[in-house]
Amino acid sequence: MRYRLLALALLVAWGAGKLPWERRLAAERQVVMVGETLPMSYQLRDRLGQGLTMAALGGFRGLAADCLWISLTGAWEEQEWERVQALAEVCVLLQPRVVFFWEMGAWNLAWNASEAVTRAPVPMGRIDRRRHDAMRWIEAGRSLLERGIRVIPERPTLYQKLGDLHWQRLEDYSKAAECYEEALKRPGCPAYVERFVGFALEKAGRRREAYDYWRRLWGSVSEHGVDQHRWGVVEEHIRDLEAELDVPAGERLFAPAR
Amino acid sequence: MIFKKNWKKDWAVCANELSKLYPVDWTQKRLHALDRLDLYVRRGEVFGLLGPNGSGKSTTLKLILGLLNPSSGSVQVFGAEAGTLEARRRIGFLPENAYFPAFLSGREVLRYYGRLVDLAQRKLWKRVEELLELVELTAAAARPLKTYSKGMLQRIGLAQALLNDPDLLLLDEPTAGVDPIGARQIRDLILGLRARGKTVIFSSHLLEQVQEVADRVAILHRGTVIQEGTLEDLLSVREQTQFTVSGLAPVARERLEEWLRGEGAEVLEVTHPRERLEELFIKAVEKRR
Amino acid sequence: MGNSLRHIYAIATNTFTEAIRQRVLYVLVVFCLVMLGGSSFCTQFDFRGDDFKFMKDLAYAGISVIGLLVALLGAALLIPAELERRTIYMVLCKPVRRFEFIAGKYFGLVALLTLFVVLMAGIFFLALWGHESALTGDILAASKGRPTELQAQMIAEYRAAAYDPALVQALVLLWAKLCLVTVISVFLSTLASSTVFIVCCTLLVYLIGHLQSVAREFWLEGTVAAAWYTRAFLAALALTAPDFQTFNLIDEIIAGNAVLWSNTLPVLGYAVGYAVVALALAALVFEEREL
């Protein structure tokens with residue numbers, strides 16, 4: 001009995017000692033995964049079935065999310081958009097730090113769902129209803145992306161996707177350009193996004209800014225021979241804008257074509 | 001009892017007022033396995049613990065080993081507290097119905113246990129082969145233990161008890177379930193150890209076997225010693241005498257009986273001695289070998 | 001000291017040998033091969049961008065499941081069996097300390113776990129390599145060796161995701177987590193002697209361990225009013241159970257987030273600390289146990 005009491009005392013002493021240690025580890029983990037906060041895990045407990053919660057908390061959260069995503073694919077095939085949205089929300093709740101769930105969830109809502117409702121038959125005289133529904137799905141996708149960006153602010157992908165959304169779904173080209181620029185500030189952003197900023201500015205009608213942007217881009221490297229990066233396209237746009245904006249010959253980057 | 005200063009060292013084992021209680025259930029009910037048992041075993045003697053099942057033989061052995069802690073009282077082994085490493089270094093133990101890791105071969109199991117008694121590798125391997133030879137298992141040494149017969153397992157058990165060349169050997173029912181030939185080998189082994197000055201304590205309920213090897217015995221009943229002493233003291237019936245004669249004619253027998261009666265003696269029994277079944281069995285089998 | 005280590009080593013190797021020679025183990029090996037084979041089939045669930053997330057999730061969940069089986073059953077099967085068959089007498093009647101027996105059992109099981117994790121991880125990395133080279137091979141074949149900007153980007157992304165060195169960190173963390181489960185099971189084996197009971201209790205501690213952080217914060221913050229017994233219960237949970245959420249870094253690594261060794265090492269240190277204390281507790285309890 002004496003040793004057992006000693007063991008109990010040791011356990012409690014260790015327990016008291018380990019608490020600050022655990023809190024520090026939790027804080028460090030928080031830095032790694034900004035998205036996971038305590039309220040989140042309460043929320044999680046409320047929203048999922050008991051068994052799934054256990055699995056999710058028991059270290060099999062990744063696989064649970066994957067399985068839900070597979071069923072989301074099924075919902076998508078059956079065009080059940082409400083279910084697609086619900087499943088996407090659960091996936092990002094389970095694994096908020098997985099870019100893919102935010103990105104593809106938003107793509108399903110803002111592109112697939114909104115396109116589908118635009119083509120869906122509606123009662124006579126209620127064409128405005130279509131636009132309303134489509135808009136609702138686009139907004140849902142945008143909300144998903146914006147929340148994702150708050151959780152994973154350091155990756156370019158969601159900014160790029162948000163730029164695409166503003167461009168393709170909302171036709172807000174200035175906003176798109178802003179998003180692309182934000183994406184470019186983050187490491188790992190594909191190089192072609194550089195050109196998207198210029199295209200977006202042109203589409204927005206901000207030609208002077210677009211011209212300045214193209215020139216800055218051109219000046220950022222000295223070697224323009226790499227075919228892969230399509231410097232030819234950039235050159236073409238600069239030439240067109242120089243002509244259109246009537247840039248004085250001395251300030252031009254390229255001599256006007258004869 | 002008054003002993004000289006270092007008295008405890010003269011004994012291989014001395015148990016003083018040893019009690020052991022086992023809790024039976026969650027309530028405070030207790031089972032008295034041993035009740036103030038006193039037991040003294042001299043160095044170099046073969047000591048038999050007798051008693052019916054549940055009389056406390058195994059408990060006594062476990063207390064000597066330190067596998068159990070006494071509820072009260074104490075046990076010393078060569079002057080050291082039972083259960084200490086110092087005490088255990090000098091003990092070899094063969095449990096009742098010894099069970100071994102069945103996935104190992106005979107040789108592997110001895111090497112495993114040999115590492116636990118701190119034999120250096122080269123010495124250990126030599127010792128293992130010697131012991132396999134001693135218990136006649138060299139031929140089966142590479143086979144897994146699950147293919148061994150009961151007698152072979154008991155012999156492996158003996159071999160592992162001898163690994164550390166112990167001064168005190170504790171054998172719990174060493175001959176239980178072993179055939180007479182195996183039992184005799186074990187008996188011979190015990191006698192051989194005694195000749196080398198080792199102390200042996202063994203428990204048994206086969207009284208004949210105890211009779212053959214033990215110098216002293218203690219009879220346990222319900223956790224206490226009810227009889228203790230040398231076999232001579234315990235067994236000889238001093239007021240009776242037995243003759244065994246060969247070539248006595250019936251007429252001569254009658255005259256002899258008459259003469260004895262004339263001397264005032266009462267003839268209780270006149271019989272032909274019968275061979276013991278065990279001896280018959282051993283003779284018969286050994287002829288075939 | 002030297003003797004102790006020799007004894008622990010002898011008992012550990014014996015435990016490992018015993019486990020290896022059990023037939024159940026081969027069933028597990030076959031199961032793990034089937035599962036990883038299944039995982040390469042499951043890559044049909046191509047998550048478009050494919051950072052091999054599904055494959056990684058499946059592999060790590062598989063290693064978790066099999067590792068948990070080994071960790072839960074190892075001690076719970078071997079230690080009570082040793083007591084029941086009384087083979088333990090043969091060990092403890094020798095000049096072996098009881099803590100050496102406990103430590104030997106534990107390290108034998110850790111060796112077994114290590115073998116399993118390494119084996120399964122090896123198969124997983126092979127499968128990952130196969131999948132990655134198939135994907136990039138397709139792209140390269142389609143572009144006839146001259147990938148466009150977009151294709152080059154994709155290949156780079158595939159390779160970064162497949163050959164992420166942090167995956168090794170995740171593996172080490174998973175291994176440490178399983179070792180922690182094992183030590184809990186060893187500790188419980190010194191208290192109880194029924195395999196089913198030990199397995200259930202270990203599983204319970206495993207699940208509670210994932211909620212420990214919630215209990216801990218609830219108790220320490222104390223912002224929510226609760227009855228004293230609720231608080232006492234939470235305190236008991238927080239004080240005794242390990243915080244398994246600490247190992248959630250594994251999720252982050254699979255999600256492709258930057259997790260550095262400087263994040264991983266403190267967690268490993270925590271696991272080692274917990275294991276040492278649990279082993280000490282086990283030794284204390286076992287010291288008094290009647291055999």
Side-chain angles (χ1 to χ4, degrees), chain B residues 20-23 33 58-59 61-71 82-105 108-121 124 144-146 156-157 160-161 163-164 166 168 170 172, chain C residues 1-26 74 77-105 107-108 112 190 192-193 284-291:
Chain B
K20 181 67 199 173
L21 300 156
Y22 286 117
S58 291
T59 304
L61 293 181
K62 283 183 199 168
L63 282 164
I64 294 173
L65 282 161
L67 289 174
L68 294 175
N69 297 314
S71 305
T84 55
L85 293 189
E86 194 189 343
R88 274 186 279 162
R89 253 183 214 117
R90 301 176 70 175
I91 302 181
F93 175 52
L94 170 67
E96 186 182 359
N97 295 324
Y99 196 101
F100 299 93
F103 54 92
L104 294 177
S105 72
E108 282 173 327
V109 89
L110 289 185
R111 284 182 183 167
Y112 168 44
Y113 291 135
R115 282 153 82 196
L116 299 180
V117 297
D118 301 323
L119 284 171
Q121 170 127 329
L124 167 63
L145 290 182
K146 56 185 163 212
I156 273 289
Q160 67 80 30
L163 273 165
N164 55 340
L168 170 64
L170 302 178
D172 199 353
Chain C
M1 187 63 194
N3 277 348
S4 273
L5 289 180
R6 276 193 57 180
H7 293 166
I8 292 172
Y9 179 66
I11 294 166
T13 42
N14 181 62
T15 307
F16 183 72
T17 315
E18 175 170 9
I20 286 292
R21 292 190 188 173
Q22 304 231 332
R23 219 163 292 160
V24 190
L25 212 74
Y26 298 102
L77 282 176
L78 295 183
I79 294 178
E82 191 110 15
L83 288 165
E84 195 174 318
R85 294 174 189 162
R86 287 167 296 181
T87 42
I88 194 169
Y89 292 169
M90 231 70 83
V91 174
L92 291 184
C93 69
K94 310 251 177 326
V96 171
R97 293 184 186 86
R98 290 194 177 185
F99 83 81
E100 294 167 1
F101 177 78
I102 291 296
K105 281 281 159 209
F107 288 115
L112 181 69
T190 61
S193 46
L284 278 174
V285 172
F286 197 58
E287 196 63 41
E288 267 190 328
R289 178 145 179 184
E290 306 266 296
L291 298 172

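Reminder, nothing fancy here: chain letters follow the sequence lines and each chain counts from 1.
We find the CG-CG distance between C:Asn14 and B:Leu104 to be 5.5 Å, quoted to the nearest 0.5 Å. Note that CG of B:Leu116 and SG of C:Cys93 are 9.5 Å apart. Values are rounded to the nearest 0.5 Å. Atoms OH and NZ, on C:Tyr89 and B:Lys62 in that order, are 3.0 Å from each other to the nearest 0.5 Å. Between the CD1 atom of B:Ile156 and the CE atom of C:Met90 there is a distance of 10.5 Å, given to the nearest 0.5 Å. Once rounded to the nearest 0.5 Å, the distance linking OG1 of B:Thr84 with CZ of C:Arg97 reads 11.0 Å.
Heavy-atom pairs under 4.5 Å with chain C peak, among B:Pro166, B:Ala161, B:Pro95, B:Pro101, at B:Pro95. Per-residue counts of heavy-atom pairs under 4.5 Å with chain B were compared for C:Glu290, C:Glu82, C:Arg86, C:Gln22; the largest is that of C:Glu290. Per-residue heavy-atom pair counts under 4.5 Å with chain C were compared for B:Asn164, B:Leu163, B:Val109, B:Asn69, and the maximum is reached by B:Asn69.
The two atoms that bring C:Thr87 and B:Tyr99 nearest to each other are CG2-O, 2.9 Å, heavy atoms only.
Residue B:Leu170: no heavy atom, backbone or side chain, is found under 4.5 Å from chain C. Looking at B:Glu108, the atoms closer than 4.5 Å to chain C (heavy atoms on both sides) all sit in the side chain, from C-beta outward. Of the two parts of C:Ile20, neither the backbone nor the side chain holds a non-hydrogen atom closer than 4.5 Å to a non-hydrogen atom of chain B. Contacts between C:Arg85 and chain B at a heavy-atom distance below 4.5 Å involve backbone atoms as well as side-chain atoms.
Within a 6.0 Å radius of CZ in B:Phe103, more than 12 heavy atoms belonging to other residues, nucleotides or ligands are found.
With respect to B:Asp118, the side-chain hydrogen bond (donor to acceptor under 3.5 Å, both in side chains) criterion is satisfied by exactly one of C:Arg6, C:Lys94, C:His7: C:His7.
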Pair B:Tyr112-C:Thr13, side chain to side chain contact (heavy atoms under 4.5 Å, CB included): steps then yes or no
CA-CA 9 Å; B:Tyr112 168 44; C:Thr13 42; 6.0 Å; no

